[in-house]
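Chain letters run A, B, ... following the sequence lines, proteins first and then strands; every chain starts at 1.
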2 protein chains.
Amino acid sequence: MIKRTKGVTISQVADAAGVARSSVSRAFTRPDMLSPETVTRIMKAAEALGYVPNHTARALSTGRHGNVGLIVPDIANPFFPPLIQAAQLEADRSDFCIFLGNTEENPKQEDKLVGRFAGQVEGLVLASSRLSDERIRAHAGLLPLVLINRDIDGIPRVLIDSGSGVREAVEHLAKLGHRRIVYVSGPSNSWSNKQRRTAIKAAASRLDIVVETVPAVLASYNSGRNAVSAILATGATAAVAFDDLTAQGVLAGLSEKRVSVPSDFSLIGCDDVLGAVTYPALTSVSNRSTEAGRVAVSLLLDMLQSRAIRDVRYVLETHLVVRNTTTALR
Amino acid sequence: MIKRTKGVTISQVADAAGVARSSVSRAFTRPDMLSPETVTRIMKAAEALGYVPNHTARALSTGRHGNVGLIVPDIANPFFPPLIQAAQLEADRSDFCIFLGNTEENPKQEDKLVGRFAGQVEGLVLASSRLSDERIRAHAGLLPLVLINRDIDGIPRVLIDSGSGVREAVEHLAKLGHRRIVYVSGPSNSWSNKQRRTAIKAAASRLDIVVETVPAVLASYNSGRNAVSAILATGATAAVAFDDLTAQGVLAGLSEKRVSVPSDFSLIGCDDVLGAVTYPALTSVSNRSTEAGRVAVSLLLDMLQSRAIRDVRYVLETHLVVRNTTTALR
DNA sequence: GAGTTCCATGCAACCGGTTGCATGTCAAGT
DNA sequence: ACTTGACATGCAACCGGTTGCATGGAACTC
């Protein structure tokens with residue numbers, strides 16, 4: 001059986017060291033205000049008693065608890081773990097802790113989480129939020145907010161411009177001789193999906209390539225797989241998928257239909273989350289999710305410091321990473 | 001520019017409703033103690049002012065803040081996201097929030113995070129902790145702790161018994177005619193790695209199969225890929241890898257050496273995190289990470305309720321999921 | 001040696017809730 | 001009509017820190 005030791009308070013330390021509570025407090029927060037001897041005496045007493053400042057009490061009186069929240073739609077989507085990791089690391093550098101929320105792609109759940117987090121975090125990062133602009137604006141009125149992959153005026157945001165990479169993807173396919181391609185689209189309410197579809201169409205029309213869109217409903221392996229018949233029906237010779245997961249599903253679906261990649265069909269993913277880890281290595285549009293997570297948290301911490309909200313719009317460009325699922329048309 | 005509204009306090013609501021602060025407090029926490037009319041009057045006033053109870057203040061006086069911590073060694077390892085997701089969901093059901101910590105496989109960082117979390121969480125789940133038994137015991141003395149994939153007497157723990165699945169894997173290979181196999185091992189300080197290696201050796205010796213161990217240092221794609229030469233040098237016809245990531249690396253390495261899977265070589269992964277999402281579909285040992293996350297949090301919440309620590313040892317069995325990377329020896 | 005500064009420390013109010021106990025009111029019991 | 005009890009509400013202490021201001025003594029000035 002393990003017994004719990006309960007908290008040592010500042011008063012106990014003060015008694016032990018023969019000083020006032022305020023001095024103990026200052027020994028920990030502003031030691032320069034005290035004489036060095038007093039500080040060491042207090043520290044010794046604190047050490048001996050095993051004193052640890054109570055985070056909650058400190059938060060109550062200062063109003064700063066050193067926590068930030070991070071809300072993502074789906075942790076299981078491989079796009080997010082690196083983002084979360086980077087956010088965590090960045091927060092850690094400033095001794096902040098991260099509250100993590102997963103919304104299951106559900107705006108109601110997202111609203112609920114924001115509410116639960118508000119009050120225990122100093123600020124919030126919303127990644128790929130599924131909330132309406134109005135809801136986001138409303139939340140931003142209550143606490144500092146930074147968005148990732150949502151573009152709302154007046155709210156600091158970090159945008160991964162997959163457009164630039166997608167453009168390269170189309171150019172790459174054009175150079176390989178493909179004239180008819182498919183875009184396997186993702187969730188219709190996703191900002192990234194709109195961005196990618198728009199970029200593809202623009203690039204294709206510029207290069208005189210025909211694009212058809214096949215919807216994959218969700219960004220998932222199975223949707224990609226189920227989309228294969230529709231993809232082949234278009235007569236296209238190459239496809240760009242909304243993300244790597246979808247692409248991987250398409251890959252599997254094609255292989256089941258004995259269409260081999262890349263000799264019979266070229267395929268490009270987005271986000272580059274699986275490309276380097278699977279076989280055949282997927283040609284994909286790089287994502288900058290790590291930077292996005294880092295920058296978003298760093299921006300948020302800046303806001304907390306300066307107490308001012310600047311209208312930042314931080315754009316991260318992406319590029320095509322060519323691997324082994326694309327080849328020249330014979 | 002967005003301006004922040006600052007907190008409405010219980011006193012303001014009390015004034016507005018013409019009652020004492022304590023009544024407002026009770027209206028929110030124990031409405032049964034008040035007359036229904038008073039409650040509605042208070043609620044109306046609160047609503048009008050936009051009052052939201054201050055979580056921190058409440059936590060300070062009650063000692064309960066409704067947060068639990070979850071610490072994992074590597075979010076980017078696909079084993080963990082489903083675990084985190086399930087933990088989150090379970091916490092959510094009881095209106096708890098999750099603090100997430102990522103240790104980068106570093107015990108120092110883990111220790112630091114535990115320290116930072118303690119004091120703002122009511123309890124902690126340590127998944128695949130890299131800490132020593134002593135450190136874990138020490139932490140368990142300070143706050144309620146539940147372990148995942150660490151087996152320490154006296155501390156509640158959830159164990160994923162990959163042994164059972166690994167045994168099935170060896171039996172499967174034996175049935176296919178393989179007599180000489182390789183275990184591509186993972187991090188040496190990992191509990192799961194020990195468990196898997198032990199299970200393989202036991203099963204193999206029982207079935208009269210030769211096992212050689214090839215280390216892959218880290219559980220990663222590249223380590224697996226680099227291990228291929230050593231694997232082939234053993235003359236084995238099949239391999240079981242520490243996890244799916246490693247297996248995927250081995251797959252890539254084999255393919256580079258023109259060894260095709262499964263016709264020339266059979267390969268089995270562990271954790272089943274990629275098998276269903278890549279091509280060719282990887283035969284793998286199922287993981288139960290979702291259940292593990294859910295059960296661990298549920299156990300922790302139970303502990304918090306009853307304030308008692310039971311010595312729970314919850315074991316989740318695993319099974320082999322046969323897909324397309326294993327075949328009979330010709 | 002008296003006046004002025006400056007520094008180290010203590011005092012006490014405050015952050016925003018919760019809760020044990022006291023008080024007052026009203027209805028039921030006899 | 002008087003007691004008794006139940007119930008609704010208020011009072012004030014408390015959770016564990018932080019911080020503006022007051023104080024006292026030492027050093028410094030002239």
Side-chain angles (χ1 to χ4, degrees), chain A residues 4-43 45-46 49-67 95 116 118-122 142-143, chain B residues 4-43 45-46 49-67 95 116 118-122 142-143:
Chain A
R4 205 80 63 223
T5 53
K6 53 244 145 280
V8 178
T9 75
I10 211 172
S11 304
Q12 298 176 35
V13 178
D15 289 352
V19 296
R21 299 191 304 144
S22 45
S23 294
V24 178
S25 172
R26 290 195 255 260
F28 282 88
T29 54
R30 320 217 1 219
D32 51 299
M33 283 185 66
L34 268 43
S35 75
E37 308 84 59
T38 312
V39 172
T40 54
R41 188 150 45 93
I42 291 174
M43 286 310 188
L49 272 65
Y51 168 74
V52 178
N54 180 315
H55 199 94
T56 310
R58 181 174 289 180
L60 180 58
S61 49
T62 60
R64 321 205 57 217
H65 20 40
N67 299 325
D95 282 342
R116 219 213 280 315
Q120 18 190 4
V121 300
E122 293 182 37
L142 297 173
L143 82 174
Chain B
R4 206 79 65 224
T5 52
K6 51 240 145 284
V8 177
T9 75
I10 210 171
S11 303
Q12 300 177 34
V13 178
D15 289 352
V19 295
R21 298 190 305 144
S22 46
S23 294
V24 178
S25 171
R26 290 196 256 260
F28 281 87
T29 53
R30 319 215 4 216
D32 51 298
M33 281 185 69
L34 267 43
S35 76
E37 307 84 60
T38 312
V39 173
T40 53
R41 186 151 45 93
I42 292 174
M43 286 309 188
L49 273 65
Y51 169 75
V52 178
N54 179 314
H55 199 95
T56 309
R58 183 175 284 180
L60 180 58
S61 50
T62 59
R64 319 205 60 217
H65 20 39
N67 299 326
D95 283 341
R116 221 211 280 312
Q120 19 190 4
V121 300
E122 293 184 37
L142 297 174
L143 82 174

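Residues of residues 31-40 of chain A that place a heavy atom closer than 4.0 Å to DNA chain D do not occur.
Closest heavy-atom contact between A:Leu49 and A:Ala16: CD1-CB, 4.2 Å. Nearest approach of B:Tyr51 to B:Val8, heavy atoms of both residues: CD1-O, 3.2 Å. Closest non-hydrogen pair, B:Ala57 versus A:Leu60, comes out as CB-CD1, 3.7 Å. Residue A:Gln120 comes nearest to B:His65 through the heavy atom pair OE1-O, 4.2 Å, listed as atom of the first residue, atom of the second, then distance. When all heavy atoms of A:Arg58 and A:Pro53 are compared, the closest pair comes out as NH2-CB, 3.3 Å. The two residues B:Ser11 and B:Arg21 have their closest heavy-atom pair at OG-CD, 3.1 Å.
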Spell out protein contact along nucleotides 14-20 of chain D as letters: B when the base is contacted, S when just the sugar-phosphate is, - when no protein heavy atom is under 4.0 Å; keep the 5' to 3' order.
-BBBBBB
Test side-chain contact (heavy atoms from CB on, under 4.5 Å) applied to A:Asn54 and A:Thr9, step by step
CA-CA 8 Å; A:Asn54 180 315; A:Thr9 75; over 6 Å; no
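Put simply, CZ on A:Arg26 and OG1 on A:Thr38 are 11.5 Å apart, with the number rounded to the nearest 0.5 Å. Here the OG1 atom belonging to B:Thr56 is positioned 8.5 Å from the CG atom belonging to A:Asn67, to the nearest 0.5 angstrom.
Taken over five-pair windows at either terminus, the axes of the helix from C:dG1-D:dC30 to C:dT30-D:dA1 are inclined to one another by 40° (rounded to 10 degrees).
Side-chain contact between B:Ile42 and B:Leu34 is present, with heavy atoms from C-beta onward closer than 4.5 Å.
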